[in-house]
Amino acid sequence: MASSSGIINTVCKACHGGCGVLATMERGMITRLQGNPASLTRGTMCAKGLASVWEAYHPKRLKYPLLRKGGRGEGRWTRIGWEDALSLIADKVGDYRARYGPSSIAICQGTGRGYNRYTFRLARSIGTPNVGLPAHFCYGPKLAVFGMMVGGRLYGDYHGWGGVFPKTHISWGKQLEISNADGEMAVWFLKALKKAENLILVDPTATRLSGRADLWLQIRPGTDAALALGMLNVIIEEGLYDREFVRSWTHGFEDLRERVKEYTPQKVSDLTWIPAEKIARAARLLATEKPGCIQMGQSLEAGNNSVQTLRAIVSLMAVTGNIEKPGSMVNWMPPPTGCMEDFATEVPAPKELPVGAEQFKLLAVPPFAMCHMPTVFGRLAEGKGPVRCMHIQGSNPLVAYENTAVVKRGLMNLEFLSVVDLYMTPTAAYADLVLPAAHWLETDDIYDMHPRFMIGDVNKVVEQPGEAWP
Ligand code: SF4
């Protein structure tokens, strides 16, 4: 229940970080958001989370379900009730499933949020394998590589819980210092940095850390795989690898040795524009100044060849023995809380493969197989199926996905599109039906999204506008 004054304890859902929040209320309005010092994020919030109050009170919030009146994208709407809106979606889904099969329907969302469970359950209930997320450039490659290479997820051990802090940090295309996303936390990282002896920054542009880095590798964008292979070359050629770890825990080391031979520091310098001596120094520091951690940013996933880039970086962690030791990368899986995943998986997954699965096999791995959205839009743009009907929640493909012109043609060629969002986004403008969503500050929920060693209670702070739905 929202209250008119006082401080409400809640959890931010503006990303999947789950930062603890204290919302100050005065006369029914939020006057301040701040981090909750008693939470695991220790009172820290990022700029995006703090801006949520403006988002919630934005005058352009959607308030009522809207049905398209004119041509697609013309911007003419008529207000309808929720019951009619839901009946329309149910009728369309039933109709497309009966006429063209469940795969003709795609259920889409934005990056991982607390509503993943509903999206996947809805898709499974309909029987469609086509659940669409932007996972192919955000966290999907990382999860796939971690799964393939270590069978879990690798996180930096910044807490000192094993009595040791990392001696060497590599921050690779990531600015963890200003955010708390993906189960990592700025507050712990920054504390651990104070105890570190070496900070290596890999970034083409200056960040808040470049001034304090011992070594700043100002990389040519898109050449991260070459840098990782060059560092592996130095470590292996100079015999600096962790023989015991390699012998006990790795597979294919001799193949790796052969593969990286050609990536000499000079060749890698030509590719990456980083001086050869800096590449060699970074490699030696990681291999000899242990334990060490490597933060891999989402930027590594957003380019070409992201899976192989991440594989090369995880290989760096492995050959230096910086896995599963205090102060290094720890292999961890969130405990099954039974809250999120079970809700989706208790409905059996369809047997059919999602669109794009032939080419992007790692996206189609159960239990949360996804379609490849650029393939879906590419096919739609060419007037090809199987997708004809799409439901989108909390995603704005027209501006979020690559190749806007193709996405736009794809949206135009859909036979039915329903969108749930806070605002009339560029994507929603092409919908047949637009439904108003409640903001996270307007919802009661349970947070158990990403590995934060916790379940959080998301408490409603204010009422939603109009008929927006939580
Ligand atoms: S990092 Fe924390 S404060 Fe920032 S958007 Fe994510 S959950 Fe909210």
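When a ligand or atom number is given, it counts from 1 through the structure's own listing order. We're numbering straight along the sequence, starting at 1. These numbers come from the heavy atoms of this one structure, side chains and all, not from hydrogens, waters or symmetry mates.
Taking the charged nitrogens against the carboxylate oxygens, R117 and D342 have no contact shorter than 4.0 Å, which rules out a salt bridge.
Contact record, N116 with Q109: OD1-NE2, 2.7 Å, taken as the closest heavy-atom pair. When all heavy atoms are compared, the tightest approach of R124 to P350 is CG-CD, 4.2 Å.
Protein N/O/S atoms closer than 2.8 Å to atom 2 (Fe) of ligand 1, listed by chain and residue number, are C19 SG.
Counting heavy atoms from C-beta outward, H169 and N198 have side chains that stay 4.5 Å or more apart.
In this pair, F343 and Y118 present their aromatic rings perpendicular. The plane angle is above 60°, beyond the 30 to 60° band.
Counting heavy atoms of neighbouring residues, nucleotides and ligands inside a 6.0 Å radius, atom CH2 of W249 does not exceed 12 of them.
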